[in-house]
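Chain naming here is simple, since letters A, B, ... match the order of the sequence lines and numbering starts at 1 in each.
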Number of protein chains: 2
Amino acid sequence: MAPRKAVDQELSREAIIDVAHQLFVDQGFQAVSMRMIARELGYSHGAIYYHFKNKADLFYAMIEQDFAMINKELKRLDKLELSQEEKLKELLLGYIRFGLTYPNHYEVMFIMNDKELQHYATNAPEQSYQQFAQAVAALTNQQIEIKKIWSVFLMLHGFVAHYCRIGHSFQEVEELAMSHVDMILGMIYMD
Amino acid sequence: MAPRKAVDQELSREAIIDVAHQLFVDQGFQAVSMRMIARELGYSHGAIYYHFKNKADLFYAMIEQDFAMINKELKRLDKLELSQEEKLKELLLGYIRFGLTYPNHYEVMFIMNDKELQHYATNAPEQSYQQFAQAVAALTNQQIEIKKIWSVFLMLHGFVAHYCRIGHSFQEVEELAMSHVDMILGMIYMD
DNA sequence: TGATTTAATTGAACAGTGGTTAAAAAAAGG
DNA sequence: CCTTTTTTTAACCACTGTTCAATTAAATCA
């Protein structure tokens, strides 16, 4: 039997998540196998089970990181020295940027409908939307209707969902995203 | 060996497509196997291969039907006796109505995402969009920018995709749909 | 230092799954 | 009766997630 690897090349949760991240983003949950991840890492598939209970456990450890990222993104926005209008614009554009920078996680949160994963992530989208809605309300001094915020959210979601699906990066569609956001802003400030 | 079934219950391409459609929409391309489809039909899995070359062939035949359906819907609108503004509103609302009345078809056409089928999943919706865009351009006397039409499409898509996912019918969200459409119309007629 | 314990890794094994093919069989049509 | 059409079934091979005894490097202790 082949020997255990030396400690300076020991496998870690982070290393597994990194590789799994690339593969999941590239091919989706179903298409990626534990053996593929292990092969990519240069380890045997059994080794992953020492660090993660199972495939779903690995997947959720992975997206937990990116939920933290959304919160960080919202806090980053709060600290910027901008006018309310500029902050609002940055919020909307930031939503698109996040969705297209982490398309797989966006898919899990707002698009994917996988029976196996649904048990874990059910209320996550709702929570995320609540944060978004509160930010929008604050940045418009509560002048905007609830219904309108919801429409704004769906308008952004439509953009991200589409370009997520056809696999475009944020850079590739940045200009379009900006014009999309401008139209939404025009609608917000219109009576 | 078990006998061949009597002719009055003969398997047909249509019957296979019907069952496959439900399963594909519910669970995605990868998660649905030829054996599952056959089991649901009450036939053995080999029988499907008499009617379709392989799994992808079955999927393509299925999606072709769906796109034919949306084109028919667009032509129906053209014949209505309404003003341009009313037609435009009916077009946008009709898009949502179609998506939520046939959520299975819509999901397969515009939401479902599978690497193995990405070529088809990007080209076919593109054609459908072109028809939609031409209709919008015509109903606004070509006064609307191309970019704006595309944004309108994505705004509608966001609405349909979301309520498709959580399984709401058109009736359940009709009011919200109308206010969503009104916001989009306001944006269209604004400079 | 050497012995022992602990942590990490391996690879075989299990119990399935998948798409696809092809020979055999039987119903239908002529 | 013979041919064609349709269906079944076994078989092939390459997968899958997961478990677990065996194995070995590192860490700890005497």
Side-chain angles (χ1 to χ4, degrees), chain A residues 1-21 23-24 26-63 108 112 114-120, chain B residues 1-24 26-63 112 114-120:
Chain A
M1 185 174 287
R4 169 183 171 182
K5 300 245 167 89
V7 74
D8 65 321
Q9 44 177 313
E10 207 166 80
L11 195 51
S12 68
R13 282 175 69 93
E14 285 69 36
I16 296 170
I17 286 178
D18 272 7
V19 164
H21 189 281
L23 292 174
F24 279 136
D26 216 50
Q27 314 183 47
F29 181 75
Q30 308 253 13
V32 174
S33 71
M34 297 298 256
R35 283 171 170 87
M36 286 169 66
I37 297 167
R39 231 190 332 269
E40 196 72 23
L41 282 160
Y43 278 73
S44 74
H45 57 277
I48 299 177
Y49 285 89
Y50 183 77
H51 299 273
F52 295 95
K53 203 167 93 262
N54 54 38
K55 192 182 174 185
D57 186 42
L58 163 56
F59 189 83
Y60 285 103
M62 180 185 97
I63 70 163
V108 170
M112 215 166 75
D114 198 305
K115 288 272 191 304
E116 200 179 338
L117 300 171
Q118 216 160 31
H119 176 260
Y120 285 82
Chain B
M1 184 173 289
R4 166 184 170 179
K5 300 243 167 90
V7 74
D8 65 323
Q9 45 178 313
E10 207 166 80
L11 194 52
S12 67
R13 282 175 69 94
E14 284 68 36
I16 296 169
I17 285 178
D18 272 6
V19 165
H21 202 277
Q22 291 172 34
L23 292 174
F24 278 137
D26 211 48
Q27 315 183 45
F29 181 75
Q30 307 252 13
V32 174
S33 69
M34 297 298 257
R35 283 172 170 88
M36 286 170 66
I37 297 167
R39 229 187 336 267
E40 195 74 22
L41 283 161
Y43 279 72
S44 71
H45 58 276
I48 300 176
Y49 285 90
Y50 182 78
H51 299 272
F52 296 96
K53 203 167 92 263
N54 53 36
K55 193 181 173 185
D57 186 42
L58 164 55
F59 186 82
Y60 293 150
M62 177 187 94
I63 221 166
M112 211 173 90
D114 195 290
K115 278 286 180 303
E116 203 172 325
L117 304 165
Q118 212 166 46
H119 170 73
Y120 208 92

> Looking at CD1 of A:I48 and NZ of A:K53, how far apart are the two atoms once the value is rounded to the nearest 0.5 Å?
Replying inline: 15.0 Å
> Taking only residues two or more places apart in sequence, or in another chain, which ones meet B:E14 in a side-chain contact (heavy atoms from CB on, under 4.5 Å)?
Replying inline: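 side-chain contact (heavy atoms from CB on, under 4.5 Å) check on B:E14 returns B:S12.
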>> Quick check: closest heavy atoms across A:V32 and A:L23, and the distance to 0.1 Å?
In response: CG2-O, 3.4 Å
> Is there side-chain contact between B:E40 and B:Q22, with heavy atoms separated by less than 4.5 Å?
Replying inline: no
> Any side-chain heavy atom of A:Y43 sitting closer than 4.5 Å to one from A:I16?
Replying inline: no
> Of the nucleotides D:dT8, C:dT9, D:dT5, which has the atom closest to the B:S44 side chain?
Replying inline: D:dT8
>> Does D:dT6 have its OP1 or OP2 closer than 4.0 Å to a side-chain nitrogen or oxygen of B:Y50?
In response: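 So the side-chain polar atoms of B:Y50 do come within 4.0 Å of the phosphate oxygens OP1 or OP2 of D:dT6, strictly under.
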Expressed in angstrom and rounded to an integer, what is the separation of [X] atom [atom1] from [N] atom [atom2]?
X: B:L58; N: C:dG19; atom1: CG; atom2: C1'; result: 13 Å
X: A:E10; N: D:dA25; atom1: CD; atom2: C1'; result: 9 Å
X: B:I37; N: D:dT7; atom1: CD1; atom2: P; result: 15 Å
X: B:I48; N: D:dT6; atom1: CD1; atom2: P; result: 15 Å
X: A:F52; N: C:dT9; atom1: CZ; atom2: C1'; result: 16 Å
X: A:I16; N: C:dT9; atom1: CD1; atom2: C1'; result: 11 Å
X: B:Y43; N: C:dA26; atom1: OH; atom2: P; result: 17 Å

Name the pairs: protein N/O against N/O of nucleotides 17-20 of chain D, kept only if under 3.5 Å.
| unit_1 | atom_1 | unit_2 | atom_2 | d |
| --- | --- | --- | --- | --- |
| D:dG17 | OP1 | A:M34 | N | 3.4 |
| D:dG17 | OP1 | A:K55 | NZ | 3.2 |
| D:dG17 | OP2 | A:M34 | N | 3.0 |
| D:dG17 | N7 | A:R35 | NH1 | 2.5 |
| D:dG17 | O6 | A:R35 | NH2 | 2.9 |
| D:dT18 | OP2 | A:Y49 | OH | 2.9 |
| D:dT18 | OP2 | A:K55 | N | 2.9 |
| D:dT18 | O4 | A:R35 | NH2 | 3.2 |
| D:dT18 | O4 | A:H45 | NE2 | 3.2 |

> Given that B:R39 and A:A47 both sit by DNA chain C, which one's nearest nucleotide is further toward the 5' end?
Replying inline: A:A47
>> Could you tell me if B:K55 sits above the aromatic ring of B:F29, with its cationic atom closer than 6.0 Å to the ring centre and no more than 45 degrees from the axis?
In response: yes
